[in-house]
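Worksheet for the structure shown next.
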Amino acid sequence: MFALVDCNNFYASCERVFQPSLNGKPIVVLSNNDGCVVARSNEAKALGIPMGAPAFEFEKMFEKNSVHVFSSNYALYGDMSSRVMNILSTFSPDIEIYSIDEAFVSFDGCDYFSLQNIGIDMRYKVHKYTGIPVCVGFAPTKALAKVANRIAKKFPELGGVYVIDTVAKLQKAIKWLKIEDVWGVGRQHAKRLQAQGIKTALDFTLMNDAWVKKNMSIIGLRLKKELSGIRTLELEEIQDKKSIACTRSFDRNYSTYDEIKERIVTYATICGEKLRKQDSCCNILQVFIVTNFFRQDQPQYSMGISVNLPFPTNSSIELAKFAVEALDRIFKTGYGYKKAGVIVMELTPETSKQKMLFENSDPKHLELMAVMDKLNKSYGQQKVKLAAQDLDRTWKMKREKLSRRYTTRLDEIITVYVP
DNA sequence: TCTGGGGTCCTAGGACCC
DNA sequence: TCTGGGGTCCTAGGACCC
């Protein structure tokens, strides 16, 4: 059996741990630049605030309903996540961290244990040690564990744990689950399936294999089996990333080459840091720039370009150089740019770097980057920069409602008043 | 005025090879 | 006049996830 453990309204719950007075009150957490709503407490959901709602459109509504608004605090969420995952690892050595707020845990060979009780214990310990509420769903396949988790979340009277361990429960669950809520069925597939008269996960499992294969590829076919109780997905090992991206919207429209160039260099530097963290080099680098497509009154332009590097590298200096060369080939004046990004691909391990005949990554950079990474780790992100970056720039991203980094910075830890 | 960011996998079709 | 067959690799685009 698999367990799927999923934190409830994760980002909102993280904020609440350190401000318990907000329990029972509506909370939303915003994306970068305080742009969109990316997390909502149950109370905020009940107010009808949709996922992805643009913050500026809802400002008055937030105020009227006393919604507590937070900028995203990834230092906090990342640390809280690893605490939760550590606790889950004590229940079984076989765990797959599926995202920042959920994990699959394998309980194969535990036939004589009560999974219900294990689930209750997981919930208790995670909440006791971190303050984060979670729900647990058990089932024989991953897709069904997702379903079980959904049921645990949807029906609070179950106590946050649900086990699908009989045919009757399986049938009942997939009959209850609407097709558009199935894991792996997005908007497009849902539309096409509904057009075929498919309303529930059960209907889907009764479909013709050929149709599923043709319209949803072998992924759809696998999903169909999973929902019927036949295992096709196993726990996955943590693997190195196959591509790494740094893409950001700007705080305003940028129109000059120099402004964009500075951003591109910074994004390339960040890609370099991420590459070095997993000991990879990249062989392809992609750069894109786009104007603000919400502004129909302004001329639009978007362009990307992908460059095959002459040698694999993870040196920020070299990546920045190639990124600027790429930018030069796509930048056009006369537009207000709103977003840009650098993506690195075809990653190969640092250790198996191929020596090229004529050109190679500068070996001196290896040590230099190691020193840069070390300094930035001790003194804070982006303390040591390339000269092509804006040295005065501190943090232009809009983050007006940022909470403290309670768990990762000594100078920001929680204050306790003793009367 | 203001609208996020970072990933994965699969397929069809074209280019190319012998 | 008649004009094969079987591969591989790459890429763009589409779908999905959180």
Side-chain angles (χ1 to χ4, degrees), chain A residues 4-7 9-11 28-39 49-60 62 69-74 77-78 81 96-104 142-143 146 149 179-193 212-223 232-233 236-253 267 270-271 274 278 283-284 286 288 290-298 304-306 308 336 338-347 396-401:
Chain A
L4 177 71
V5 187
D6 193 311
C7 302
N9 316 322
F10 184 55
Y11 297 170
V28 297
V29 180
L30 305 181
S31 63
N32 278 352
N33 266 323
D34 291 348
C36 302
V37 172
V38 292
I49 301 165
M51 184 68 172
F56 75 93
E57 281 179 11
F58 282 76
E59 225 162 280
K60 286 211 178 90
F62 291 158
V69 182
F70 290 90
S71 303
S72 36
N73 183 345
Y74 288 106
Y77 312 149
S81 169
E96 174 191 340
I97 298 171
Y98 182 68
S99 74
I100 193 163
D101 74 331
E102 61 188 292
F104 288 100
K142 280 178 146 184
K146 274 271 186 189
N149 188 287
I179 188 65
E180 63 268 30
D181 294 333
V182 172
W183 181 46
V185 175
R187 261 212 299 272
Q188 299 306 314
H189 285 334
K191 223 192 305 172
R192 232 179 289 176
L193 286 163
V212 175
K213 169 95 198 323
K214 181 157 181 289
N215 290 278
M216 300 173 69
S217 82
I218 68 158
I219 296 181
L221 225 39
R222 268 201 300 248
L223 179 62
T232 64
L233 304 172
E236 281 174 32
E237 312 262 321
I238 312 155
Q239 283 169 4
D240 281 348
K241 299 246 185 314
K242 295 175 177 169
S243 69
I244 288 174
C246 178
T247 69
R248 298 266 190 288
S249 300
F250 309 139
D251 50 331
R252 57 184 167 81
N253 279 1
Y267 299 168
I270 293 171
C271 283
K274 292 185 184 176
Q278 68 164 40
N283 292 274
I284 293 178
Q286 215 171 294
F288 73 84
V290 289
T291 50
N292 187 345
F293 53 82
F294 288 105
R295 296 288 300 271
Q296 289 311 318
D297 55 324
Q298 294 175 349
I305 191 171
S306 156
N308 292 309
K338 182 60 183 164
K339 183 175 176 173
V342 175
I343 303 162
V344 291
M345 297 179 306
E346 288 236 334
L347 310 188
K396 281 194 190 166
M397 190 165 81
K398 194 173 158 202
R399 286 173 116 190
E400 289 172 354
K401 318 274 189 180

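Because the structure is a prediction, the values reported are computed rather than measured. Here is the naming used below: chain letters follow the sequence lines, and residue numbers restart at 1 for every chain.
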Return the value, rounded to whole Å, for the distance between atom CG of A/Leu223 and atom C1' of B/dC9. 14 Å
With a non-hydrogen cut-off below 4.0 angstrom, is A/Val37 in contact with a base, only sugar-phosphate, or nothing? nothing
Quick one: on DNA chain B, does A/Ile218 or A/Tyr74 contact a more 5' nucleotide (nearest heavy atom)? A/Tyr74
Hits for salt bridge (charged side-chain N to carboxylate O under 4.0 Å, His left out) against A/Arg295, two or more places apart or cross-chain, chain-then-number order -> A/Asp297
Side chain to side chain contact (heavy atoms under 4.5 Å, CB included) partners for A/Lys213, two or more places apart: A/Ile218, A/Leu221
For the pair made of NZ in A/Lys142 and P in C/dC16, what is the distance, rounded to whole Å? 19 Å
Non-neighbouring partners of A/Asp181 that pass salt bridge (charged side-chain N to carboxylate O under 4.0 Å, His left out), sequence neighbours left out: A/Arg150
In whole angstrom, what separates A/Tyr98's OH from B/dT8's P? 12 Å
Can you check whether A/Tyr11 and A/Tyr74 have ring centres sitting under 6.0 Å from each other? yes
Please report the distance, rounded to the nearest Å, between CE in A/Met345 and P in B/dG7. 12 Å
Could you write nucleotides 10-15 of chain C as a row of B, S and -, 5' to 3', where a protein heavy atom under 4.0 Å of any base atom gives B, of only sugar-phosphate atoms gives S, and otherwise -? -----S
Among all residues two or more places apart in sequence or in another chain, which pass the salt bridge (charged side-chain N to carboxylate O under 4.0 Å, His left out) test with A/Asp34? none
Side chain to side chain contact (heavy atoms under 4.5 Å, CB included) involving A/Arg248 - partner list, sequence neighbours excluded: A/Asn32, A/Cys246, A/Tyr267
Are any side-chain N or O atoms of A/Asn149 and backbone N or O atoms of A/Leu4, one a donor and one an acceptor, separated by less than 3.5 Å? yes
To the nearest angstrom, the CE-P distance between A/Met397 and B/dG4 comes to 12 Å
Taken to the nearest whole Å, NZ/A/Lys213 to C1'/B/dC9 is 14 Å
For DNA chain C, please output the secondary structure as dot-bracket, reading 5' to 3'. Pairs are Watson-Crick or G-U wobble, both atom distances under 3.5 Å; mark crossing pairs with [ ], other-strand partners with |, unpaired with a dot. ....||||||||||||||
Could you check whether any side-chain heavy atom of A/Leu193 comes within less than 4.5 Å of a side-chain heavy atom of A/Asn215, counting everything from C-beta outward? no
Between the protein and nucleotides 1-3 of chain B, are there any N/O to N/O pairs under 3.5 Å, and if so, what are the atom names and distances?
unit_1 : atom_1 : unit_2   : atom_2 : d
B/dC2  : OP2    : A/Arg295 : NH1    : 3.2
B/dT3  : OP1    : A/Lys338 : NZ     : 2.9

Quick check against the 3.5 Å criterion: does A/Ser81 have a side-chain atom that pairs as donor or acceptor with the backbone of A/Ile100? yes
According to a strict under-4.0 Å criterion, is A/Lys146 in side-chain N/O contact with OP1 or OP2 of C/dC16? no
When rounded to whole Å, the CG to P distance for the pair A/Leu347 and B/dG6 reads 15 Å
Kindly say whether A/Glu400 contributes a backbone atom to a donor-acceptor pair with the side chain of A/Ser71 at under 3.5 angstrom? yes
Sequence-distant partners of A/Gln188, side chain to side chain donor-acceptor pair (under 3.5 Å), two or more places apart: none
Let me know the distance between CD of A/Glu400 and P of B/dG4, rounded to the nearest Å. 16 Å
Under 4.0 Å, heavy atom to any atom of DNA chain B: which of residues 237-245 of chain A qualify? A/Lys241, A/Lys242, A/Ser243, A/Ile244, A/Ala245
For A/Asn283, which residues count as a side chain to side chain donor-acceptor pair (under 3.5 Å) partner, sequence neighbours excluded? A/Thr348
Starting at the 5' end of DNA chain B, which residue's closest nucleotide do you reach first, A/Ile219 or A/Lys274? A/Lys274
Which residues satisfy the side chain to side chain contact (heavy atoms under 4.5 Å, CB included) test with A/Ala53, sequence neighbours excluded? A/Val37, A/Ile49, A/Pro50, A/Phe58
Can you tell me if NZ on A/Lys274 sees more than 12 non-hydrogen neighbours from other groups inside 6.0 Å? yes
